[in-house]
Colleague: 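The following block contains the structure, expressed as structure tokens.
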Amino acid sequence: STIAVIPKGTTHIFWRQVESGARQAARDLNVRMEWKGPLKENDRAMQIALVEQFVSEGVSGIVLAPLDDSALLRPVRAAAARGIPVVIFDSDLKGEVGKDFVSFVATDNLRGGELAGEEMVRRLNGKGKVVLLRYQVGSASTANREQGFLNVIERHPEVELISSNQYAGATAGEAIQKSEEMLDVIRQADGVFCPNESSTYGMMVTLRKHALADRVQFIGFDASPDLVRALRQGEIRALVVQNPKGMAYAALETLVRHQRGEETPARIDTGVHLLTAENVDDPEFSDLLGE
């Protein structure tokens with residue numbers, strides 16, 4: 001029997017870390033795993049087709065990071081109807097846990113956004129102009145991060161949100177383009193927050209190119225080698241980081257436990273941390289860096 005693991009996409013370094021965690025779990029649990037995902041995180045049709053393909057092949061279980069919280073519900077329900085258990089990880093699905101899927105294994109993304117907001121307010125001493133560049137419509141994980149960030153900013157009347165309705169898009173290339181288009185508003189900003197690896201990278205490239213990195217308090221999300229390097233150099237002031245390897249490991253382990261008839265929790269929180277230049281080399285974080 002085979003367990004299919006379907007990420008949101010396969011281009012971001014984040015997903016390579018996820019893959020390594022999933023492969024480790026498959027080895028430790030002695031199960032066959034097939035890793036397959038869309039190239040880009042906006043290919044809903046491709047991700048739906050992959051779920052349907054694995055269901056028709058009759059895999060024993062599916063571990064899925066839905067790139068759209070609504071569009072993937074129908075194929076997941078179809079899997080459940082065929083008796084194929086699904087564990088959702090990384091990003092939520094608008095279904096019912098325990099019925100449509102076995103468990104949800106993820107970062108507390110709302111908390112991750114709050115950590116970014118709290119750090120932003122601290123660095124701005126409670127006043128200034130802030131830009132939020134969102135990631136992509138339909139992505140539950142990043143929508144929660146954005147909301148967490150906004151919740152904190154709203155509690156500080158002297159922190160003014162000057163842009164929060166723009167989306168970076170699915171790739172770093174699109175994020176660079178969008179950041180360039182927003183240059184006028186970014187020049188007015190004291191702080192900028194981006195909620196995932198590709199949006200953070202795109203914004204970093206633009207801030208660097210226009211010599212704005214020193215002037216803007218830039219906070220991002222996720223830990224690819226490029227972003228960690230920029231954190232060490234001070235171009236990024238803080239990164240909110242997840243545990244992609246641990247998340248994938250826990251998701252696969254939860255599915256296997258369920259298949260073996262064990263009780264499994266409905267929700268598993270895999271942790272979230274704020275990294276700065278001061279603590280990035282702490283041993284407790286070495287596993288979380290995409291290096």
Colleague: Taking only residues two or more places apart in sequence, or in another chain, which ones meet Thr10 in a side chain to side chain donor-acceptor pair (under 3.5 Å)?
Modeller: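 For Thr10 there are no side chain to side chain donor-acceptor pair (under 3.5 Å) partners, ignoring immediate neighbours.
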Colleague: Of the options Asn243, Leu275, Val228, which is the one that meets Phe285 in a side-chain contact (heavy atoms from CB on, under 4.5 Å)?
Modeller: Leu275
Colleague: Name all residues meeting the side chain to side chain donor-acceptor pair (under 3.5 Å) criterion together with Glu96; count only those two or more places apart in sequence or in a different chain, and write none if there are none.
Modeller: none
Colleague: Ring pair (Phe, Tyr, Trp, His ring centres under 6.0 Å) with His258: which residues, sequence neighbours excluded?
Modeller: none
Colleague: Could you tell me whether Glu19 and Arg16 have a side-chain N and a carboxylate O separated by less than 4.0 Å?
Modeller: no
Colleague: For Gln166 and Glu181: C-alpha separation, side-chain torsions, deciding distance, then whether side chain to side chain contact (heavy atoms under 4.5 Å, CB included) applies.
Modeller: CA-CA 10 Å; Gln166 299 298 303; Glu181 287 168 18; 5.6 Å; no
Colleague: Using side chain to side chain donor-acceptor pair (under 3.5 Å) as the criterion, list what pairs up with Ser103, not counting sequence neighbours.
Modeller: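 Not a single residue meets the side chain to side chain donor-acceptor pair (under 3.5 Å) criterion with Ser103.
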Colleague: Which pair of non-hydrogen atoms, one from Gln47 and one from Pro38, has the smallest distance, and what is that distance?
Modeller: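 Closest approach of Gln47 to Pro38, heavy atoms only: CB-CG, 3.9 Å.
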Colleague: Does Leu227 reach the side chain of Pro225, with side-chain heavy atoms less than 4.5 Å apart?
Modeller: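 No - every pair of side-chain heavy atoms lies 4.5 Å or more apart.
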Colleague: Going by ring pair (Phe, Tyr, Trp, His ring centres under 6.0 Å), name the residues that satisfy it together with Phe193, two or more places apart in sequence or in a different chain.
Modeller: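 Residues passing ring pair (Phe, Tyr, Trp, His ring centres under 6.0 Å) with Phe193: Phe149.
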Colleague: Does the side chain of Leu64 reach to within under 4.5 Å of the side chain of Val76, using non-hydrogen atoms?
Modeller: yes
Colleague: Identify, with sequence neighbours excluded, every residue that meets side chain to side chain donor-acceptor pair (under 3.5 Å) alongside Lys209.
Modeller: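 In terms of side chain to side chain donor-acceptor pair (under 3.5 Å), with neighbours along the sequence ignored, Lys209 is linked to Glu180.
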Colleague: For the residue pair Leu72 and Pro75, establish whether any side-chain heavy-atom pair is separated by less than 4.5 Å.
Modeller: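 SC-SC contact between Leu72 and Pro75 confirmed.
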Colleague: Name all residues meeting the salt bridge (Lys or Arg N to Asp or Glu O under 4.0 Å) criterion together with Arg122; count only those two or more places apart in sequence or in a different chain, and write none if there are none.
Modeller: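 Only Glu119 meet the salt bridge (Lys or Arg N to Asp or Glu O under 4.0 Å) criterion with Arg122.
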Colleague: Taking salt bridge (Lys or Arg N to Asp or Glu O under 4.0 Å) as the definition, give me every residue that meets it alongside Asp226, ordered by chain and number, with sequence neighbours left out.
Modeller: Arg229
Colleague: I want to check something: taking the side chain as every heavy atom from C-beta on, are Leu255 and Pro85 in contact at a cut-off of under 4.5 Å?
Modeller: yes
Colleague: To check you understand the geometry: which heavy-atom pair defines the closest contact between Ala277 and Leu231, and what is its length?
Modeller: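 Looking at all heavy atoms of both residues, the shortest contact is CB-O, 3.8 Å.
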Colleague: Can you name the ring pair (Phe, Tyr, Trp, His ring centres under 6.0 Å) partners of Tyr167, sequence neighbours left out?
Modeller: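 With neighbours one apart ignored, the set is empty.
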Colleague: Please name all residues satisfying salt bridge (Lys or Arg N to Asp or Glu O under 4.0 Å) with Lys129, sequence neighbours left out, ordered by chain then number.
Modeller: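 Testing Lys129 for salt bridge (Lys or Arg N to Asp or Glu O under 4.0 Å), a comparison that skips the adjacent residues, returns none.
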Colleague: Quick test of your reading: applying ring pair (Phe, Tyr, Trp, His ring centres under 6.0 Å), list the pairs with at least one residue in residues 209-231, sequence neighbours left out, ordered by first then second residue.
Modeller: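 Matches after skipping sequence neighbours: none remain.
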Colleague: Heavy-atom count check: over 12 atoms from other residues, nucleotides or ligands less than 6.0 Å from Arg32 CZ?
Modeller: no
Colleague: Please name all residues satisfying salt bridge (Lys or Arg N to Asp or Glu O under 4.0 Å) with Lys36, sequence neighbours left out, ordered by chain then number.
Modeller: none
Colleague: Quick check: does any side chain N or O of Glu197 sit under 3.5 Å from a backbone N or O of Phe14, one acting as donor and the other as acceptor?
Modeller: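 Judged by distance alone, yes, a pair lies under 3.5 Å.
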